[in-house]
2 protein chains.
Amino acid sequence: MMIDLFIIKVGGNVIDNPALLQSFLEKFAAIPGKKILIHGGGKIATRIGDKLGIESKYVDGRRITDADTIDVVTMVYGGLVNKQLVAKLQSHGCNAIGLTGADANIIPAVKRPVKEIDYGFVGDVYTEKLHTGPLKALLDTGVTPVFAPLTHDGNGQILNTNADTIASSLAIALSEHYSVRLIYCFEKKGVLRDSADDNAVINLINKEIYQQLLAEKILTDGILPKLQNAFGAIDNGVKEVLIGHADDVLSNTTPKVAGTLIC
Amino acid sequence: MMIDLFIIKVGGNVIDNPALLQSFLEKFAAIPGKKILIHGGGKIATRIGDKLGIESKYVDGRRITDADTIDVVTMVYGGLVNKQLVAKLQSHGCNAIGLTGADANIIPAVKRPVKEIDYGFVGDVYTEKLHTGPLKALLDTGVTPVFAPLTHDGNGQILNTNADTIASSLAIALSEHYSVRLIYCFEKKGVLRDSADDNAVINLINKEIYQQLLAEKILTDGILPKLQNAFGAIDNGVKEVLIGHADDVLSNTTPKVAGTLIC
């Protein structure tokens, strides 16, 4: 089954770097057929929050989204970053439309329950409750959705949500209609066999190889959640997941791939 | 021909007033069938701009949109105001989707040429070049578009654009597919026969009555551009234009109307 939908998550390292972003958007725009972009926020939300006198709060290294912070990320992720990406993609001939999970109620979420830490206005996605109808209508009209990492609770509250999770949730929900390749762009060329050697990319990981890598303790703490997330997507219908550097993973959409392909 | 699309513009006086906004959104959500909302910005862009140390600049009473200001209005109109409206409408059972004119290239514009005044990043709409395909696909899926007053130039630049103009341009373009009532909410109950008497609403204005009113010099400077804009829309296929207070004009979508009906 040929891949007929590419869902690509790009993080702050690209958003914050104008040259890398420019090159990324050109390659993204050039991907033929149906595609969706999910972007992280980058450092600009912190910079604007600082200027507005809104302190970034962290507990155990995790950012807390209080009432002022959710307004800042709604402005910056949902407005500034998202609409600038849309306008830039339009200039590259890609008919982008900027969305959040609140739009067309595509990604309903629940405010994370307070246990040891109160994360504030952070949303956990109802993966099984996504509404893909309007999204499919847009994709079928030749439009390319671009998602900011925001959802909503259905009661009028915007929620800050992890962009990786939005990407995998969309990939899972849309696998009902399309054969999906989910692509995570990050700062490395892929999953590395040796974390000291940037070129020691493992090109293919299936469940058997994954078990071997776990047994050999080759996988670093940073990559483990990405692989768990990837296999979670595959277990729920996503055809394949590709992890690698933004410069490489969009260049070839043929079976031969740069980065690490998980299937 | 029955009205089958309502296009409603609401301004800063409603956006800035939580009680009025709440009541407005409830009434808007209750309108059956297809509808589009276009919102102005309100004072919050100025407030956030001030906090960020970005001075609001005016020439002859007209706001200038410099590079910093376009970023602020992209954040505030396209992000904060737009997405909060979407989340609130969702909570009232209205399946809203937040858009700018850059999204899906719906409203292409040109940066206003510099003559006596350089308005900066202000966009004049290419009314005849609107792309209504994706918009029609959304409306036909039961989704309600909510537009921020922003467009783009096709070369990657977001532009600040008058919300009244966006509303009339969308109404004209969509009149090809729908029988459209365009509604402008403002602070008065309608066009007044006596500007000192808030209840002296003229219920109906057609071209003949308009000529009479002009001859009698009854129309104030504030209302004239609105009427010119209204007749411009009607001359280009819009079925009817309704002008009145946000509290009244959404309550009855039957032939009997509050406010001033222009046709």
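Chain A is the first sequence line, chain B the second, and so forth, proteins listed ahead of strands; every chain is numbered from 1.
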- Query: Quick one: does A:N105's side chain have a donor or acceptor within less than 3.5 Å of a partner on B:N95's backbone?
  - Reply: no
Take a 6.0 Å sphere around NZ of B:K51 and say whether it holds more than 12 heavy atoms from other residues, nucleotides or ligands. no
The interface call for A:A96 against chain B, heavy-atom contacts under 4.5 Å, is backbone
Comparing A:G78, A:A137, A:G98 against chain B, the one with the most heavy-atom pairs below 4.5 Å turns out to be A:G98
One option among B:D153, B:D140, B:D103 has the most heavy-atom pairs under 4.5 Å with chain A, and it is B:D103
Shortest non-hydrogen pair, B:P134 vs A:V143, comes out as CG-CG2, 3.8 Å
Interatomic distance, CD1@B:I70 vs CG@A:L80, rounded to 0.5 Å, equals 10.0 Å
Whatever's closer than 4.5 Å to a heavy atom in chain A on B:I48 counts as both
Rounded to the nearest 0.5 angstrom, the NZ-OG1 distance for B:K83 and A:T74 is 10.0 Å
Interatomic distance, NZ@B:K88 vs NE2@A:H152, rounded to 0.5 Å, equals 14.5 Å
CG (B:L138) and OG1 (A:T141) are apart, to the nearest 0.5 Å, by 7.5 Å
| said: Strictly distance-based, threshold 3.5 Å: is any side-chain N or O of A:N155 a donor or acceptor partner for the main-chain N or O of B:S91? | reply: no
Any donor-acceptor N/O pair, A:Q90 side chain to B:A102 backbone, under 3.5 Å: yes
Counting only heavy atoms from other residues, nucleotides and ligands, does the tally under 6.0 Å from NZ of A:K57 exceed 12? yes
Does a sphere of radius 6.0 Å around CD in A:E55 hold more than 12 heavy atoms from other residues, nucleotides or ligands, not counting ones at 6.0 Å or beyond?
no
Most heavy-atom pairs under 4.5 Å with chain A, out of B:G154, B:P145, B:G79, B:C94, belong to B:G79
### Query
Considering residues, nucleotides and ligands other than B:E26, do more than 12 of their heavy atoms fall under 6.0 Å from its CD?
yes
